[in-house]
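Worksheet: one structure, shown below.
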Amino acid sequence: MKIIRYLLLPFTLVYAGVIYLRHWLYDIGFFSSKKYDFPIICVGNLSVGGTGKTPMTEYLIRLLTPSYKIAILSRGYKRKTKGLIIADAQSTARTLGDEPFQYHKKFPEILVAVDEKRIRGTEYLLQKYPELQTIILDDAFQHRAIRAGFSLLLTAYDDLYIDDFLLPTGNLRDIIHRVSQADCIIVTKCPTQLSEADKKQILYRIKPKNRQAVYFTGIKYSEKICSETEQKDLLEWIQKPFTLITGIANPKPLTDYLTGLGAEYKLVSFSDHHHFSPEEIASLQKESRILTTEKDYVRLYKEIPSIFYLSIETYFIFDEEKRSFNQVIMGFIEKN
């Protein structure tokens, strides 16, 4: 696979030229970029996936909802609809996209909207919902039509952007130079026992700007698995063989975790944001015990009622960084 990717290097050079041209046109003002006098937070990355944007967005939701009226605005990647849609009781993963629908299903108290034209979606939200106190732009670091007031750039511990290449040779969809536009960098999926020496080595390698804070986070798996009607203890449930279904960018952390627990399972893996065909659903319905990710669950639970999902949460490796991050985010909203 690596050999094939290196053979694609000429296409990477073409892609790089297009990306540089686009950013240059924004930089000189040929394309307009609007900044609002309103607290807008952007969560994004440089790669095509697998950095943990969804659990990071959920962390922000949990942090902010007790004190602020917030909205999530996403483009709704791979949804089967177009235009602006506000999540409601009739919404599904097909109408919103899997991640926005997951937010809507999990946090019904917040406003979730999708629009491929985020500037249109932002202006609609600000006009229609004057009570809003902040908007979180989900996966919008590449979206330059809006200049968010505060930008979080995520990069995975075992797949740092500095070790990657632009598509199609690598997995980067944007140039590394764009990192300089982030207000903070979050190194995600770190090992629990991350040492100060490892932290310093990463800081040395990514070389953040003086104004950029860097935070280190990990992924925590729930002790319970859930369906629409019940919860079960994970350690007890995995004592019997099961089928694991994944349609995410990088299932390895999940498979490593389950394998480390001694689970015996059959992995059925699909591409990120995969929409399951009727034939695939029919095949999966034959499996007696199924576990999946929460993002895949919102696309499958209607067709396979017996399916369970294992949820994840972001946590900060260092307590002092958690306190600092929370204060920075809350302070940004208060100042704006």
Side-chain angles (χ1 to χ4, degrees), residues 22-23 25-26 29 31-46 48-49 51 53-65 68-154 173-174 178 181-183 272-273 275 295 298-299 329 332-333 336:
R22 174 178 177 268
H23 286 307
L25 291 173
Y26 270 109
F31 292 148
S32 62
S33 183
K34 185 170 183 179
K35 186 171 184 178
Y36 291 88
D37 186 21
F38 181 85
I40 296 177
I41 300 171
C42 168
V43 180
N45 61 12
L46 297 184
V48 292
T51 58
K53 291 188 305 295
T54 301
M56 188 68 238
T57 300
E58 291 187 352
Y59 180 92
L60 290 173
I61 293 171
R62 293 188 181 95
L63 172 66
L64 298 177
T65 47
Y68 304 100
K69 179 68 175 177
I70 72 171
I72 305 293
L73 177 60
S74 171
R75 63 174 168 160
Y77 183 62
K78 283 198 173 181
R79 62 186 169 119
K80 299 300 182 181
T81 56
K82 296 291 184 182
L84 172 66
I85 295 179
I86 304 296
D88 59 21
Q90 283 70 50
S91 296
T92 67
R94 296 181 73 84
T95 62
L96 296 180
D98 50 17
E99 290 161 347
F101 183 63
Q102 179 177 321
Y103 303 141
H104 172 62
K105 192 172 187 296
K106 196 169 186 176
F107 306 99
E109 70 276 17
I110 70 168
L111 182 64
V112 177
V114 294
D115 196 336
E116 63 273 17
K117 296 181 179 180
R118 286 195 178 91
I119 194 165
R120 177 178 64 189
T122 298
E123 294 185 352
Y124 178 85
L125 291 175
L126 292 177
Q127 294 172 9
K128 185 72 173 179
Y129 304 95
E131 70 276 15
L132 283 178
Q133 294 171 283
T134 188
I135 295 174
I136 299 174
L137 297 181
D138 180 39
D139 193 16
F141 196 73
Q142 286 73 37
H143 188 81
R144 293 200 58 182
I146 294 179
R147 284 185 291 158
F150 196 87
S151 293
L152 284 64
L153 180 74
L154 279 56
R173 51 181 167 165
D174 207 346
R178 285 284 297 159
Q181 302 303 308
D183 293 286
D272 198 16
H273 301 282
H275 279 291
K295 189 167 77 170
V298 298
R299 284 178 270 129
I329 295 297
F332 165 71
I333 296 175
N336 291 271

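Residues: numbered from 1 along the sequence shown.
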Checking R118 side chain against V114 main chain: does a donor-acceptor pair fall under 3.5 Å? no

For the residue pair R178 and F141, would you count it as a cation-pi contact if the rule is NZ or CZ under 6.0 angstrom from the ring centre and within 45 degrees of the ring axis? yes

Sorted by chain and residue number, the side chain to side chain donor-acceptor pair (under 3.5 Å) partners of Y124 (sequence neighbours excluded) come out as none

Just by distance, no angles: are the side chains of R94 and T92 close enough, under 3.5 Å, to form a donor-acceptor pair? no

Output, in order, the C-alpha distance, side-chain angles, deciding distance and verdict of side-chain hydrogen bond (donor to acceptor under 3.5 Å, both in side chains) for H23 and D174. CA-CA 10 Å; H23 286 307; D174 207 346; 2.8 Å; yes

Checking S74 now: which residues fulfil side chain to side chain donor-acceptor pair (under 3.5 Å) with it, not counting sequence neighbours? none

Main-chain N/O of I333 paired to Q133 side chain as donor or acceptor, under 3.5 Å: no

How would you list, by chain and number, every residue that makes a side chain to side chain donor-acceptor pair (under 3.5 Å) with R120, sequence neighbours excluded? D115

Could you pull out all residues at least two apart from Y129 that satisfy ring pair (Phe, Tyr, Trp, His ring centres under 6.0 Å)? none

What residues form a side-chain contact (heavy atoms from CB on, under 4.5 Å) with D88, not counting sequence neighbours? Q90, S91

Check whether D183 reaches the backbone of S151 with its side chain - one donor and one acceptor, N or O, closer than 3.5 Å. yes

Could you tell me how the ring of H273 sits relative to the ring of Y77: parallel (under 30°), tilted (30 to 60°) or perpendicular (over 60°)? perpendicular

For N45, is there any backbone N or O sitting under 3.5 Å from a side-chain donor or acceptor partner on Q142? yes

Residues which pass salt bridge (charged side-chain N to carboxylate O under 4.0 Å, His left out) with K128, listed by chain and number, not counting sequence neighbours: none

